[in-house]
S.K.: 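One structure coming up, written as structure tokens, with questions to follow.
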Amino acid sequence: MPELPEVETVRRGLLPAMQGARFLSVSAHRQDLRWPLPPQFATRLKGATVERLTRRGKYLLAALSSGDTLIMHLGMSGSFRISNGLAADAASRHGAHDHVVFVMSSGATVTFNDPRRFGSMLLIPSTELETHRLMRGIGPEPLDGDFDGAALARACAGRAVSLKAALSNQKIVAGLGNIYVCEALNRARLSPRRKASTLGGGGAAKKRADALAAAIKAVLADAIEAGGSSLRDHRRPDGELGLFQHRFRVYDRAGEPCPNRGCTGTIRRIVQNGRSTFFCPVCQR
DNA sequence: AGCTCGACCTGCACGC
DNA sequence: TGCGTGCAGGTCGAGC
């Protein structure tokens with residue numbers, strides 16, 4: 001499910017259920033997510049209050065009153081669902097792939113579901129967050145004010161890889177994945193096959209970097225405003241569908257006309273680094 | 001160090 | 001109907 005807009009949508013959906021609320025009970029129906037759940041997972045959470053629920057790239061971070069931070073990642077197929085039934089009920093009444101259930105003092109039950117189990121939950125002392133191996137080295141937040149063409153060009157300097165590979169790399173920019181990389185490159189009219197290092201330098205290179213940084217910000221902001229994308233039946237925590245999939249310009253649109261103004265090209269699918277890329281070979285150079 | 005690729009897992013859509 | 005194949009919004013770690 002999750003690239004930055006979906007994770008941000010999940011975060012906003014979970015806020016009223018989790019932020020400021022205490023864990024009344026925690027049930028782990030499966031320990032073997034991407035990594036095994038930490039020892040004493042339920043015990044360490046129980047009784048703690050979620051002081052702040054934030055996001056870094058595609059990670060959700062719950063800072064707890066206990067001094068720990070709960071790090072959550074949705075992998076490819078993870079989702080959260082909020083329900084409000086009787087607490088004892090809700091925790092025991094769980095369906096297929098409901099791996100973790102939090103019963104919160106807000107009255108909400110928060111259920112983590114993840115068929116493929118590429119998602120993860122970790123618990124680490126908050127003081128170690130910044131130096132943690134999963135956090136250290138994550139690139140700039142693309143929606144932050146100081147992310148711009150120059151920052152992007154700097155991160156791509158000397159990179160022999162394609163723009164597609166570079167933007168998919170969380171160390172270069174945080175939060176982009178297969179969909180939004182394709183979408184941003186189409187908006188910026190840049191080829192996914194172009195070398196990332198060609199964003200560096202003056203003149204035309206600077207124009208490319210500025211256009212790409214602006215396109216990344218725009219597509220992410222538009223997608224968040226639409227509540228993210230809902231593919232394959234995925235839902236937001238409140239059960240609503242995100243709507244941005246209807247506004248994809250290229251993703252999964254091979255054979256359709258390029259939507260860029262004045263362009264008569266046709267969207268094509270290619271494979272880069274083992275993943276589908278969708279782009280317009282006519283206007284994306 | 002950077003880069004490519006296989007591996008991790010389940011489910012679904014497709015063709016035979 | 002069943003079975004095989006390929007594909008899916010991620011990312012880690014082995015091996016060059």
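Letters A, B, ... mirror the listed sequences (proteins, then strands); counts begin at 1.
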S.K.: Go through C:dG10, B:dC3, C:dG13 for me and flag the one nearest to the A:V161 side chain.
M.R.: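 That would be B:dC3.
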
S.K.: Can you list every stem that DNA chain B is part of, counting only runs of 3 or more consecutive Watson-Crick or G-U wobble pairs with both distances under 3.5 Å?
M.R.: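 Expected stems, ordered by start: B:2-8 with C:10-16, B:10-16 with C:2-8.
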
S.K.: Looking at A:R159, I'd like to know whether one of its side-chain N or O atoms comes within less than 4.0 Å of OP1 or OP2 on B:dC3.
M.R.: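 Yes, within the criterion.
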
S.K.: Within the 4.0 Å heavy-atom criterion, would you say A:Y59 contacts the bases, only the backbone, or no part of the nucleic acid?
M.R.: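 The residue A:Y59 makes sugar-phosphate contact but no base contact.
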
S.K.: To the nearest Å, how far apart are A:E6 CD and C:dG10 P?
M.R.: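 Spelled out: CD on A:E6 to P on C:dG10 is 9 Å.
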
S.K.: For A:N178 and C:dG10, what is the distance between atoms CG and C1' respectively, to the nearest whole Å?
M.R.: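 Roughly 10 Å, once rounded to whole Å.
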
S.K.: What is the distance from CE of A:M135 to P of C:dT11, rounded to the nearest Å?
M.R.: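 Nearest whole value for this atom pair: 10 Å.
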
S.K.: Is any side-chain nitrogen or oxygen of A:K171 closer than 4.0 Å to OP1 or OP2 of C:dT11?
M.R.: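 Checking A:K171 against C:dT11: no side-chain N or O falls below 4.0 Å of OP1 or OP2.
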
S.K.: With sugar-phosphate meaning primed atoms plus P, OP1 and OP2, does A:A160 contact a base, only sugar-phosphate, or nothing at under 4.0 Å between heavy atoms?
M.R.: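 Counting heavy atoms under 4.0 Å across all strands, the contact made by A:A160 is with sugar-phosphate only.
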
S.K.: In this structure, how many angstroms lie between the P atom of C:dG10 and the CG atom of A:L74, rounded?
M.R.: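 These atoms are roughly 11 Å apart.
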
S.K.: Would you say that A:I216 contacts A:L152 through its side chain, given a criterion of any heavy-atom pair below 4.5 Å between the two side chains?
M.R.: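 When only atoms from C-beta onward are counted, A:L152 and A:I216 do touch, with a gap below 4.5 Å.
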
S.K.: Between C:dT11 and A:Q170, is there an OP1 or OP2 to side-chain N/O distance shorter than 4.0 Å?
M.R.: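 Looking at the OP1 and OP2 atoms of C:dT11, one of them is under 4.0 Å from a side-chain N or O of A:Q170.
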
S.K.: Answer yes or no: does a side-chain N or O of A:H73 lie under 4.0 Å from OP1 or OP2 of C:dT11?
M.R.: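 For A:H73, the contact criterion (side-chain N or O under 4.0 Å from OP1 or OP2 of C:dT11) is met.
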
S.K.: Round to the nearest Å and state the distance from A:F248 atom CZ to C:dA8 atom P.
M.R.: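 After rounding, the reported distance stands at 13 Å.
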
S.K.: To the nearest Å, give me how far apart CG (A:L167) and P (C:dG10) are.
M.R.: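 Value for this atom pair: 13 Å.
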
S.K.: Under 4.0 Å between any heavy atoms, over every strand shown, what does A:S230 touch: base, sugar-phosphate, or nothing? Just pick one.
M.R.: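 Result for A:S230 = base.
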
S.K.: Is any NZ, NE, NH1 or NH2 atom of the basic residue among A:R55 and A:E141 found under 4.0 Å from an Asp or Glu carboxylate oxygen of the other?
M.R.: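 Here A:R55 pairs with A:E141 in a salt bridge, since their nearest N and O are under 4.0 Å apart.
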
S.K.: On the six-membered ring of A:W35, is A:R133 placed so that its NZ or CZ lies under 6.0 angstrom from the centre and within 45° of the ring axis?
M.R.: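 Relative to the ring axis of A:W35, which defines the angle, A:R133 lies inside both limits.
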
S.K.: Spell out, as yes or no, whether a donor-acceptor pair under 3.5 Å connects the side chain of A:E183 to the backbone of A:V250.
M.R.: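 Looks like yes, one N/O pair under 3.5 Å.
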
S.K.: Taking the basic N atoms (NZ, or NE/NH1/NH2) and the acidic carboxylate oxygens, is any pair closer than 4.0 Å for A:D98 and A:R81?
M.R.: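 A salt bridge is present here (some side-chain N lies under 4.0 Å from a carboxylate O).
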
S.K.: Is a salt bridge present between A:R12 and A:D238, judged by a nitrogen-to-oxygen distance below 4.0 Å?
M.R.: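 Between A:D238 and A:R12 there is no salt bridge, as every charged N stays at least 4.0 Å from the carboxylate O atoms.
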
S.K.: Let me know the distance between CG of A:N169 and P of B:dC5, rounded to the nearest Å.
M.R.: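 After rounding, the gap between these two atoms is 15 Å.
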
S.K.: For the side chain of A:N273, counting heavy atoms from C-beta on, which of C:dC12, C:dG10, B:dT4 is nearest?
M.R.: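 Within the option list, the nearest is B:dT4.
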
S.K.: For nucleotides 8-14 of chain B, give me one character per nucleotide, 5' to 3': B if any protein heavy atom sits under 4.0 Å from the base, S if the only such contacts are to the sugar-phosphate, - if neither.
M.R.: BBBS---

S.K.: By the 4.0 Å heavy-atom rule, please label A:L134 as base, sugar-phosphate, or nothing.
M.R.: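 Sugar-phosphate contact only.
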
S.K.: Round to a whole Å and report the spacing from NE2 of A:H132 to C1' of C:dC12.
M.R.: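 Result: 14 Å.
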
S.K.: How close do A:C156 and A:L199 get, counting heavy atoms only, and between which atoms?
M.R.: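 Scanning both residues completely, I find the closest heavy atoms to be SG-CD1, 4.0 Å.
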
S.K.: Taking the side chain as C-beta and beyond, is there a heavy-atom pair between A:C283 and A:C258 under 4.5 Å?
M.R.: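 Of all side-chain heavy-atom pairs linking A:C258 with A:C283, at least one is under 4.5 Å.
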
S.K.: Classify the ring geometry between A:F23 and A:F102 as parallel (under 30°), tilted (30 to 60°) or perpendicular (over 60°).
M.R.: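 Taking A:F102 first and then A:F23, their aromatic rings stand perpendicular (interplane angle over 60°).
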
S.K.: Taking only side-chain N and O atoms of A:S276, does any of them lie within less than 4.0 angstrom of OP1 or OP2 on C:dA8?
M.R.: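 True: A:S276 side-chain N/O within range (under 4.0 Å) of C:dA8 OP1/OP2.
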
S.K.: What nucleic acid atoms does A:G177 come within less than 4.0 Å of, heavy atoms only: base, sugar-phosphate, or nothing?
M.R.: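 The residue A:G177 makes sugar-phosphate contact but no base contact.
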
S.K.: Are A:Y59 and A:Q170 linked by a side-chain donor-acceptor pair shorter than 3.5 Å?
M.R.: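 Short answer, no.
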
